[in-house]
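Single-structure report; data block below.
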Amino acid sequence: MQEGFVIWFTGLSGSGKTTLAKEVERLLRARGLRYVQRLDGDVVRQDLTRDLGFSKEDRDENIHRVTFVAELLSKNGVATTCAFISPYRAARQTARRRCHNFVEVYVQCPLDVLIQRDPKGLYKKALAGEIKGFTGIDDPYETPEHPEIVVHTDRETVEESTLRLLALLEEKGLIPTANENTASAQVPAGEGR
Ligand SMILES: Nc1ncnc2c1ncn2[C@@H]1O[C@H](COP(=O)(O)OP(=O)(O)O)[C@@H](O)[C@H]1O
Ligand SMILES: [Mg+2]
């Protein structure tokens, strides 16, 4: 059976968690992994945790529920990617303890670059005080202390970050090494949410 694991992307809004998780998902399939599932805050918050907001309690509950799902998936051989701001260290620590083969990826990007990127216009609103409790502006983000890998999305391309991550998964024996039959170019970009 395929070895299950969890790649947990944490970082500020707009840092690149969703972008990287989608690309990793595509590359894992290209490596021949059949069971791959992405859990993404943008999606999960419209469904599994649609009743929750952004208070500390609700953020913790959001991560608690997602951890439950990631634990089940990873223990049953699924390559699971999680893309959540997950600003609180203790909640990430719990996820680490419960999930099988937990790999924490700190998606790092300076705030001034994020404010410039602002793909959803959220920083503009947060800076104008129209959104309260926005992580990095007027809500805390607890930096990972011992992530398995840090990616710097202001100075690395998506390809550079994802290839470094895949190399780490190879090193850990969680995925097969690349070979000519599974060249990523043969697999089209995934659709889906
Ligand atoms: N090296 C990079 N890695 C990831 N995203 C990048 C990078 N450079 C620029 N971007 C852009 O930054 C934005 C990140 O948005 P997104 O992935 O939705 O972030 P998040 O899910 O962390 O909120 C996208 O518009 C993406 O194209
Ligand atoms: Mg996202």
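Counting from 1, the numbers follow the sequence of the chain as shown. Worth knowing before you read on, the calculation uses all heavy atoms, side chains too, and leaves out hydrogens, waters and symmetry mates. As the structure lists them, so they are numbered: ligands from 1, and atoms in each ligand from 1.
At least one N, O or S atom of Thr18, from either the backbone or the side chain, sits less than 2.8 Å from the Mg ion (ligand 2).
Within ligand 1, counting atoms from 1 as listed, the ones closer than 4.0 Å to a heavy atom of Val158 are 1 (N), 2 (C), 3 (N), 4 (C). Each of the atoms 1 (N) of ligand 1 lies under 4.0 Å from some heavy atom of Thr157. Per-residue contacts place Leu12 under 4.0 angstrom from the following atoms of ligand 1 (heavy atoms of the residue considered): 22 (O).
Residue Leu20 places no N or O, backbone or side chain, under 3.5 Å from any N or O of ligand 1. Inclusion of Thr19 in the set of residues having an N or O under 3.5 Å from an N or O of ligand 1 is warranted. By the 3.5 Å distance cut-off applied to N or O atoms, Lys17 is counted among the residues near ligand 1.
Under the 3.5 Å distance criterion, the side-chain polar atoms of Gln2 are matched with a main-chain donor or acceptor of Gly77.
Of the listed residues (Glu160, Glu156, Arg117), the one carrying the non-hydrogen atom nearest atom 11 (C) of ligand 1 is Arg117.
In summary, Glu61 and Arg65 engage in a salt bridge, as defined by a charged side-chain N under 4.0 Å from a carboxylate O. With respect to Glu170 and Arg31, a salt bridge is recorded, a charged nitrogen being found less than 4.0 Å from a carboxylate O. Checked for salt-bridge contact, Arg89 and Glu104 miss the test: no charged N lies under 4.0 Å from a carboxylate O.
Residue Cys109 forms a side chain to side chain contact (heavy atoms under 4.5 Å, CB included) with just one option from His152, Glu156, Arg155, Arg117, and that option is Arg117.
For the ligand labelled ligand 1, residue Ala83 lies outside the 4.0 Å heavy-atom shell. The closest approach between Gly14 and ligand 1 falls below 4.0 Å for a heavy atom of the residue. At least one heavy atom of Ser13 sits closer than 4.0 Å to an atom of ligand 1.
For atom 18 (O) of ligand 1, the closest non-hydrogen atom on the protein side is Thr18 CB, 3.9 Å. Considering only non-hydrogen protein atoms, atom 19 (O) of ligand 1 sits nearest to Gly16 N, 3.2 Å.
The N, O or S atom of Asp42 with the smallest distance to the Mg ion (ligand 2) is OD2.
The nearest pair of heavy atoms linking Leu174 to Phe5 is O-CE2, 3.7 Å.
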Verdict with supporting geometry, Val105 and Val107, side chain to side chain contact (heavy atoms under 4.5 Å, CB included): CA-CA 6 Å; Val105 183; Val107 185; 4.3 Å; yes
Residue pair Val6, Cys82: steps toward the side chain to side chain contact (heavy atoms under 4.5 Å, CB included) verdict: CA-CA 7 Å; Val6 172; Cys82 292; 4.0 Å; yes
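Taking the six-membered ring where the residue is Trp, Tyr123 and Phe134 present perpendicular rings, their angle passing 60° and hence far from 30°.
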